[in-house]
Structures are given as structure tokens and as C-alpha cells.
Asks: 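Take this structure first; my questions come after.
Note that these values count all heavy atoms, side chains included, but never hydrogens, waters or copies made by symmetry.
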Amino acid sequence: MEGIVQLRKFSQIDNKESFFDSLRADYDGFDTWFRSKSEQTAHVMYNESGKLDAFLYVKKEEGPILDVVPALESGDWLKIGTMKINPHGTRLGERLIKKSLDYAVVNGINQVYVTVFPKHLALVSLFKRYGFIEQSRKQSERGEELVLTKQLDRLQNDILLNYPVIRTRHVDKYMLSIYPEFHTRLFPDSILNNESYDIIEDVSHTNSIHKVYICSMDVSALKRGDIIVMYRTKTPNTSAFYTSVATSICVVEEIKSRKEFTNAADFIKYCKDYSVFSEEELQNAYFEQKKHVFVIKMTYNVAFRKKLNRKRLIEEVGLDASPSTYWGFFKLSEHEFEQIIIKGEGYESLIVH
């Protein structure tokens, strides 16, 4: 399937594609190594021409890691062994970093590392943006590589450097609704079982760790670091009681109102890479005559393993069941938020109280 990041065995991937030429140039014996992994799996993505656009191979290792200086400490490590993309402005590198960190979280691994040649400046910068630091060097006949590491259990004072881990102290928690068609495109890892993967395209708002949400609801109470539980509204022609579901958790990076943008062009530039809307739709949103137009930029941190429908949110979490309650945007209590995390099986290791 084109445009979808999927798992494939090495034996199912054609290593003769020109996509691998740069890896072959950097690493002697690449083809031998590739064949030796025939029964192992990698994340890949193909374009509409059936050619590779992305490749990611990760593996678990036992520390200490001794082939780098200084050595990496003992314990389980996730090594991002090979990561390559054909860059075309769709934030695919962010998607692969997210896949790597998701793998670490699911497997209970708190330490992640990757080796990168210093010449790959953009890739080094991308890793550092999400909390990787230069910790060691690796020397071989191919030259010196940087060893970048990330400790998921050692937090820094920044929501991007901590990503995907979420700090919950001294921030507010909210529930925010999103229509099904926008939810599917914006949150691919939170797709429902009855939705088609064919509609998830290789576009920046799908690939990115960052998301932009545009609405006319008054969400001005939000501030950087606040936590949002995303609530996918009901499937058309069904009951919200059963098909409206809480699916994922995001963290607010920034909130802007329409008046903070100089003009429509400024608004479109800010939104286009991370929203689900076309430039024409963004222009229409900017010129809406409604009282409010708000833009929320946020990180996509957690996809629930169990989706909580409105029935469970009311009966098990204790959300307000009165017919007059507006479920578009509202504040959650600490207890309600904790229950949503627990019952949604939202990887509690990512939630730091």
C-alpha cells in the first residue's frame, strides 16, 4: 500500500532499489548485512510509483554498549539501526521518529540511541529537536559517527525535548471534539478498526508529531503544556452513545486567535503543514464571519489502546450525562483524566504526575 508506513520482512524488500544507494555508500557490506536480516522486519513506506520513500529498522540491545566512547550504560536500549527517507516536505522523518519512540514505549524500553554521520545535519537536528543529545562517538573504518541518545525517564523542562512523555502537574486537562473525517487524517495511529487505511495519505499533517486544529469554539483558556484528550464525534447515522470515542492525548504547544495573524497568507503559512485543510479551505476559515477562529498547535503523544465511547465515559469515568452538556470542548477534573488514562490503557509510563 502506498503512503502507509507498514511492517515488511527484509526478504520482501528489494535492496537493489536506488533508495539504498546512499546507505550502500556509507556502509561497506550493506548488502550482506541486509540479506542477513531476511526474517527480521522493518517499517517501510512506498510511494504511488511503488518505490521506497522510507525505511526504518530498530532493534533491542542489552547494555552496556561498548563499541562507542564513552560506553552507554547498562540496561535495555532501543537502537535505531537504520533510518532513511526520501525527503519531499511531508514530515516523514518525524513519523519515523515517532514510530521508533512508540516501539520503545510499547516494549518498556526507556533508553534509545542512534548513530549518525555528522554530515547528515538535517537528521541530527531532527533528532535533537525531540530530546536526543550527543553522548558518545563511534569510530570505525567508515569514519566517526555521532551517538545520539534519549532517556525517556529523564525529563527536561520542555514539552518537545520530553516527547512523547507528558508532565501532568500544574497543567489543565480538557476534552476536545473532532469530526471523524478530520480525525482519521490527523491521527493515523488512533484510527478505528472499521476505518480504511487507504484514506491516510503521505502528507505532512498525517506524518507529523505536530498537529494543528482549527475551530470556532472559544478555546482561549488553553495554554502551553495543557493536555487535550481528543474525542472523535459519532459516525454518521449512528448513536453518539456508542460511536463517539476518546482516542488519544495531545499536548498544547501554542494557541493563536485569528487577530494574531497579520493576514490570510500569514495564517495559511502557519497552519498548512500541520492541519488537514487545503490552502483554499484555510483561506475560507480565515475569512469566516464567526466570532472566533482559534488555532491550536499541539503534539500527538499517546494513542489509546482501548477507545472509550461516550457510554463508558459517562458510566465508568463519570463525565456529565445531562443532555444539555456540550461535548465540543470542556475541562476535565484530575480524577476524570486519570480514569480516562487507566481505562483507555494509555501507556501510563508516558504520564508523569
Side-chain angles (χ1 to χ4, degrees), residues 5 7-10 23 26-27 29-30 32-34 36-44 54-85 93-118 120 122-156 158-167 189 209 299 301-303 305 346-352:
V5 177
L7 274 176
R8 287 276 183 91
K9 283 187 176 182
F10 275 67
L23 291 173
D26 278 345
Y27 299 101
F30 172 81
T32 301
W33 169 83
F34 197 99
S36 73
K37 303 292 182 185
S38 61
E39 292 305 304
Q40 297 191 37
T41 56
H43 285 93
V44 295
F55 180 91
L56 172 69
Y57 169 64
V58 299
K59 63 176 180 175
K60 180 180 177 180
E61 293 187 348
E62 279 289 328
I65 308 299
L66 301 177
D67 62 346
V68 304
V69 180
L72 303 183
E73 61 192 66
S74 60
D76 291 339
W77 286 86
L78 181 73
K79 181 180 182 181
I80 302 175
T82 308
M83 174 174 156
K84 185 181 187 306
I85 60 170
E94 292 179 13
R95 183 81 178 274
L96 295 190
I97 287 179
K98 185 181 189 306
K99 285 289 184 189
S100 302
L101 297 178
D102 286 348
Y103 185 97
V105 169
V106 169
N107 289 279
I109 303 171
N110 287 324
Q111 305 178 116
V112 185
Y113 84 99
V114 61
T115 64
V116 185
F117 285 109
H120 298 305
L123 188 57
V124 171
S125 178
L126 185 63
F127 278 113
K128 287 183 175 181
R129 186 182 188 195
Y130 300 107
F132 284 79
I133 62 171
E134 290 185 34
Q135 184 166 338
S136 304
R137 301 290 174 112
K138 182 175 182 177
Q139 194 71 44
S140 70
E141 67 276 4
R142 299 183 298 270
E144 186 176 72
E145 293 177 86
L146 303 177
V147 181
L148 307 177
T149 67
K150 181 176 174 70
Q151 303 275 358
L152 293 175
D153 56 353
R154 298 178 189 174
L155 298 188
Q156 304 177 61
D158 182 87
I159 61 175
L160 293 187
L161 297 179
N162 290 337
Y163 181 87
V165 180
I166 300 169
R167 283 187 184 272
D189 295 323
I209 286 168
T299 56
N301 294 62
V302 180
R305 284 173 284 181
Y347 295 105
E348 291 183 66
S349 63
L350 292 177
I351 312 298
V352 177

Asks: Side-chain contact test, heavy atoms from C-beta onward, threshold under 4.5 Å: evaluate it for Tyr130 versus Glu94 and give yes or no.
Replies: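 In contact.
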
Asks: Taking atom OG1 of Thr149 and atom CD of Glu73, what is their separation to the nearest 0.5 Å?
Replies: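 Answer for the OG1-CD pair, Thr149 versus Glu73, is 8.5 Å.
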
Asks: Does the side chain of Val58 reach to within under 4.5 Å of the side chain of Lys99, using non-hydrogen atoms?
Replies: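 A side-chain contact is absent here, since even the closest heavy-atom pair is not under 4.5 Å.
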
Asks: How long is the gap from CG on Leu72 to CH2 on Trp77, to the nearest 0.5 Å?
Replies: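 That separation rounds to 4.5 Å.
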
Asks: Can you find a pair of side-chain heavy atoms, one from Val114 and one from Lys79, that are under 4.5 Å apart?
Replies: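 No - every pair of side-chain heavy atoms lies 4.5 Å or more apart.
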
Asks: Take the angle between the ring planes of Tyr27 and Phe117 and call it parallel below 30°, perpendicular above 60°, tilted in between.
Replies: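 Taking Phe117 first and then Tyr27, their aromatic rings sit tilted (interplane angle of 30° to 60°).
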
Asks: For side-chain contact (heavy atoms from CB on, under 4.5 Å), just list the numbers for Val68 and Gln135, CA-CA rounded to whole Å, side-chain angles, deciding distance to a tenth of an Å, and then say yes or no.
Replies: CA-CA 9 Å; Val68 304; Gln135 184 166 338; over 6 Å; no

Asks: Donor-acceptor check, side chain of Asn107 to backbone of Ile109, threshold 3.5 angstrom: yes or no?
Replies: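 No; zero donor-acceptor contacts below 3.5 Å.
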
Asks: Between Tyr113 and Glu61, is any side-chain donor less than 3.5 angstrom from a side-chain acceptor?
Replies: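 Judged by distance alone, the side chains do pair up.
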
Asks: Please report the shortest heavy-atom distance between Pro70 and Ser136, naming the atom on each side.
Replies: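 Taking every non-hydrogen atom into account, O-OG, 2.6 Å.
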
Asks: Report yes if the side chains of Asp26 and Arg142 come closer than 4.5 Å at any heavy-atom pair, otherwise no.
Replies: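 Of all side-chain heavy-atom pairs linking Arg142 with Asp26, none is under 4.5 Å.
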
Asks: Determine whether Val116 and Leu148 make a side-chain contact, defined as any pair of heavy atoms from C-beta on separated by less than 4.5 Å.
Replies: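 Yes; the side chains approach each other to less than 4.5 Å.
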
Asks: Testing the basics here: between Asp67 and Lys138, what is the closest heavy-atom pair and its distance to 0.1 Å?
Replies: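 In this case the closest contact between Asp67 and Lys138 is OD2-NZ, 3.3 Å.
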
Asks: If you measure from OG on Ser100 to CG on Leu56, what distance do you get to the nearest 0.5 Å?
Replies: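 Those atoms lie 4.0 Å apart.
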
Asks: For Lys150 versus Asn162, what's the shortest heavy-atom pair and its separation?
Replies: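 Where Lys150 meets Asn162 most closely, the heavy atoms are NZ-C, 3.9 Å.
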
Asks: In Å, rounded to the nearest 0.5 Å, how long is the span from NE2 of His43 to OG1 of Thr41?
Replies: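 Rounded to the nearest 0.5 Å, the NE2-OG1 separation comes to 7.5 Å.
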
Asks: Looking at every heavy atom in both Gly131 and Gln156, which two are closest together, and how far apart are they?
Replies: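 Scanning both residues, the minimum pair turns out to be O-NE2, 3.8 Å.
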
Asks: When Asn301 is tested against each of Ile159, Val165, Ile166 for side chain to side chain contact (heavy atoms under 4.5 Å, CB included), which residue passes?
Replies: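 Only one option passes, and that is Ile166.
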
Asks: For the CZ atom of Arg154 and the CG atom of Leu161, what is their distance to the nearest 0.5 Å?
Replies: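 One gets 15.5 Å once the value is rounded to the nearest 0.5 Å.
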
Asks: Looking at every heavy atom in both Pro164 and Leu152, which two are closest together, and how far apart are they?
Replies: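 That closest heavy-atom pairing would be CD-CD2, 3.9 Å.
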
Asks: To the nearest 0.5 Å, what is the distance between CD1 on Ile80 and CG on Leu101?
Replies: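 One gets 6.5 Å once the value is rounded to the nearest 0.5 Å.
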
Asks: Using ring-ring contact (aromatic ring centres under 6.0 Å, His included) as the criterion, point out the one residue from Tyr103, Phe34, Trp33, Phe30 that pairs with Tyr57.
Replies: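 It is Trp33; the other options fail the test.
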
Asks: Kindly give the heavy-atom pair with the smallest separation between Asp76 and Gln111, and that separation in Å.
Replies: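 That closest heavy-atom pairing would be O-NE2, 3.0 Å.
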
